[in-house]
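The residues of the chain are indexed from 1 along the displayed sequence. Computed from heavy atoms alone, side chains included, the values below leave out hydrogens, waters and symmetry copies.
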Amino acid sequence: MTVNQDADYMSRALVLARQGECTSDPNPRVGCVLVKEDCVIAEGWHMKAGLAHAEIDALSKVDDARGATAYVTLEPCSHVGKTGPCCDALISAGIARVVVAIQDPNPLVSGRGVKRMQDAGIQVDCGVLQDDALALNRGFIKRMTTGQPWLRSKLAMSLDGRTAMASGESKWITSAESRLDVQQLRAESSVVLTGINTVLADDPSMNVRLDKEVIQPIRVILDSQLQMSVNAKMLNLPGQTWVLTCSDNKQKITALEAAGGQVFQIKNHNGRLDLQAVMMFLGQKQINAVLVEAGAVLNGALLEQGLVDEWLVYMAPCVLGDQGRGLFHLPAAQTIADKKQFKMSSVRQVGPDLRLTFKEKG
């Protein structure tokens, strides 16, 4: 195969992998293409934890894969989980060559699948369309390498940087197209996270409302003092609602859990939830990607601690005036020297709005 052919087949494998964007959690999104004599003989992808991995899915669709090349977006696993090792299945099928986009990000197992296949006489080439594969599984990769999920915060603002009127009224600043775009972001996330102030003010649903199969993201509420109402709308919706608190009010905990929530106690920092501890807790719960939909206080705290990997700002062509509410509560910022600097990654028009993507400049 030529370099261009390898890239073309891996590109197809990445397209297949993306079909698991809304269903594969906590597992990575993986696609596989089997090629023999310059023809695709089978394709597969990983749909859901507990179901066949991409390689097994592809192999199940062909009678004879001997001598074929397998294009896989992630190094075939070498351990036994809910399914058997994929590298062993490729060896048993007589695959002659395996092209891998990225190696397993888990430092405890990275490279083992490659070595086992090489020891069996399979030619293994790594790094084809590596950047695309890394972007597809950034949440899984960050959790495997740091123990914490990948965080994206979504904000909506007017041209003059306001998120709401002084009264708190904010429906709707952005367009229907932007709100639909956010539904897709939720569907791709393991968790949608907010603070208790947003819940008390808006009683949000925080669920995915799309006409396709998705696994509803877990709704996570940061509620230091356990102010969550047992009548909150989200407690009666499909999916899970987790309330993270540093309160030990057993009566309130019992009432919230009876209403349908799950309450977890996290250590505090100066009487409020320790955000670093929150992220480690989510990582331990196998959460890959978090979408933050919160107000100025929580976003300010996340910004101060450098916990957000990507800021996504929807800017609407309207003005709310200087009495409106801002994006971030940053009481420590008193001079220009205290400003937070961002680096813009992309700009895209969504309906009449602009979607601006930023990373904090480090």
Q: Identify the two heavy atoms, one from S189 and one from L185, that lie closest to each other, and give their separation to 0.1 Å.
A: OG-O, 2.7 Å
Q: State, yes or no, whether a side-chain contact exists between V182 and Y314 at a heavy-atom distance under 4.5 Å.
A: yes
Q: Can you measure from CG (L159) to CG (L354) and round to the nearest 0.5 angstrom?
A: 8.5 Å
Q. Any link between W150 and M144 through a network of hydrophobic side chains (Ile, Leu, Val, Met, Phe, Trp, Tyr) touching at under 4.5 Å?
A. no
Q) Does any non-hydrogen side-chain atom of S158 lie less than 4.5 Å from one of V319? A) no
**Q.** Single-linkage hydrophobic cluster, 4.5 Å side-chain cutoff, I221 and L256 together
**A.** yes
Q: With sequence neighbours excluded, give me every ring-ring contact (aromatic ring centres under 6.0 Å, His included) pair touching residues 245-278.
A: W242-F264, F264-F281
(Q) If I compare all heavy atoms of L16 with all of G44, which pair ends up nearest, and what's the gap? (A) CD1-O, 3.8 Å
(Q) T194 and side chain to side chain contact (heavy atoms under 4.5 Å, CB included): which single residue from T198, V192, N197 fits? (A) T198
**Q.** Gap between atom CG of D25 and atom CD1 of I287 - 0.5 Å precision
**A.** 7.0 Å
Q. Do any N or O atoms from the side chain of S24 and from the backbone of N27 form a donor-acceptor pair under 3.5 angstrom?
A. yes
Q: Might you point out which heavy atoms bring A17 and T73 nearest each other, and give the distance in Å?
A: CB-OG1, 4.1 Å
Q: Might you work through the side-chain hydrogen bond (donor to acceptor under 3.5 Å, both in side chains) test for Q148 and T146, ending with a clear yes or no?
A: CA-CA 5 Å; Q148 298 187 15; T146 71; 5.4 Å; no
Q.
Around atom NZ of K115, are there more than 12 heavy atoms from other residues, nucleotides or ligands closer than 6.0 Å?
A. no
(Q) Looking at D223 and V243, would you say the former's side chain and the latter's main chain have a donor-acceptor pair under 3.5 Å? (A) no
Q | Euclidean distance, L244 CG relative to L193 CG, rounded to 0.5 Å | A | 7.5 Å
Q.
I need the K267 NZ to C246 SG distance, nearest 0.5 Å.
A. 12.0 Å
**Q.** Heavy-atom donor-acceptor pair, D160 side chain to L320 backbone, under 3.5 Å
**A.** yes
Q. Pairs in or reaching into residues 184-201: which pass salt bridge (Lys or Arg N to Asp or Glu O under 4.0 Å), with residues at least two apart or in two chains?
A. R186-E293
Q.
With side-chain contact (heavy atoms from CB on, under 4.5 Å) as the criterion, how do L34 and I95 come out once you've worked through the C-alpha distance, each side chain's angles and the decisive distance to 0.1 Å?
A. CA-CA 9 Å; L34 300 180; I95 296 295; 4.2 Å; yes
Q: Report yes if the side chains of H329 and P331 come closer than 4.5 Å at any heavy-atom pair, otherwise no.
A: yes
Q | With sequence neighbours excluded, residues passing side-chain contact (heavy atoms from CB on, under 4.5 Å) with M47 | A | T23, W45, L51, E213
Q.
For a side-chain contact (heavy atoms from CB on, under 4.5 Å) check, start with the C-alpha distance between I196 and S224, then their side-chain angles and the critical distance, and finish with the verdict.
A. CA-CA 8 Å; I196 186 60; S224 298; over 6 Å; no
Q | R29 and L74: CA distance, side-chain angles, deciding distance, side-chain contact (heavy atoms from CB on, under 4.5 Å) verdict | A | CA-CA 8 Å; R29 300 141 179 176; L74 179 69; over 6 Å; no
Q. Backbone N or O of G295 within a donor-acceptor pair of the R325 side chain at under 3.5 Å?
A. no
Q: Side-chain contact test, heavy atoms from C-beta onward, threshold under 4.5 Å: evaluate it for R143 versus P26 and give yes or no.
A: yes
Q: Please step through side-chain hydrogen bond (donor to acceptor under 3.5 Å, both in side chains) for the pair N288 and S190, ending with a clear verdict.
A: CA-CA 6 Å; N288 290 335; S190 318; 4.8 Å; no
**Q.** Pairwise side-chain hydrogen bond (donor to acceptor under 3.5 Å, both in side chains) hits with a residue in residues 199-208, at least two apart
**A.** N207-R209
Q.
Nearest 0.5 angstrom please: L59 CG to L90 CG, how far?
A. 5.5 Å
Q.
My understanding is that a hydrophobic cluster links ILVMFWY residues whose side chain heavy atoms are under 4.5 Å apart, including indirect links. Using that, what else belongs to the cluster containing W172?
A. none
Q: Answer whether the closest heavy-atom distance between the side chains of W311 and N299 falls below 4.5 Å.
A: yes
Q | Listed partners of S346 passing side-chain contact (heavy atoms from CB on, under 4.5 Å), at least two apart | A | T357
Q | Common cluster, F358/V290, ILVMFWY with side-chain heavy-atom separation under 4.5 Å | A | yes
Q.
Show every salt bridge (Lys or Arg N to Asp or Glu O under 4.0 Å) that has at least one partner inside residues 309-324, sequence neighbours left out.
A. R138-E310, K142-D309, R152-E310, E310-K359
Q. If only atom types and distance count, is the side chain of E75 paired as donor or acceptor with the main-chain N or O of G113 below 3.5 Å?
A. yes
(Q) So, using side-chain contact (heavy atoms from CB on, under 4.5 Å) as the criterion, who are the partners of E304 when residues are at least two apart? (A) L330, A332, K340
Q. So, H46 side chain and A52 main chain: donor-acceptor pair closer than 3.5 Å or not?
A. yes
Q: Starting from the C-alpha separation in whole Å, work towards a yes-or-no answer on side-chain contact (heavy atoms from CB on, under 4.5 Å) for L303 and E360.
A: CA-CA 8 Å; L303 179 59; E360 193 172 353; 3.8 Å; yes
**Q.** Sequence neighbours excluded - salt bridge (Lys or Arg N to Asp or Glu O under 4.0 Å) pairs with any residue from residues 53-64
**A.** K36-D64, D57-K61, D64-R66
Q) To the nearest 0.5 Å, what is the distance between CD1 (I102) and CG (D131)? A) 10.0 Å
Q: For M157, enumerate each residue passing the side-chain contact (heavy atoms from CB on, under 4.5 Å) test, keeping only those at least two apart in sequence or located in another chain.
A: V313, M315, L327
(Q) Please determine whether residues I41 and V99 belong to a single hydrophobic cluster, defined as Ile, Leu, Val, Met, Phe, Trp and Tyr linked transitively by side-chain heavy-atom distances below 4.5 Å. (A) no
(Q) Test of understanding: with salt bridge (Lys or Arg N to Asp or Glu O under 4.0 Å), list the residues that count as partners of R355, not counting sequence neighbours. (A) D181
Q) Is the shortest heavy-atom distance from the side chain of R112 to the side chain of D104 under 4.5 Å? A) no
(Q) For the backbone of F140 and the side chain of N137, can you confirm whether one donor and one acceptor N or O come within less than 3.5 Å of each other? (A) no
Q: Check whether any side-chain heavy atom of P85 lies under 4.5 Å from a side-chain heavy atom of R116, and answer yes or no.
A: yes
Q. Does a side-chain heavy-atom distance below 4.5 Å link R219 with L237?
A. yes
Q) Going by the side-chain hydrogen bond (donor to acceptor under 3.5 Å, both in side chains) test, which pairs reach into residues 244-263, not counting sequence neighbours? A) Q240-Q262
Q.
Could you check whether any side-chain N or O of E43 sits under 3.5 Å from a backbone N or O of A13, counting only pairs where one atom can act as donor and the other as acceptor?
A. no
Q.
Run the side-chain hydrogen bond (donor to acceptor under 3.5 Å, both in side chains) test on D353 and S178 for me, step by step, so that the C-alpha distance in whole Å, both residues' side-chain angles and the decisive distance to 0.1 Å come before the verdict.
A. CA-CA 7 Å; D353 307 324; S178 288; 2.6 Å; yes
Q) Ignoring hydrogens and geometry, is there a side-chain-to-backbone donor-acceptor pair from Q225 to G271 under 3.5 Å? A) yes
Q) Do the side chains of I141 and V30 join up, straight or via other hydrophobic residues, at under 4.5 Å, putting them in one cluster? A) yes
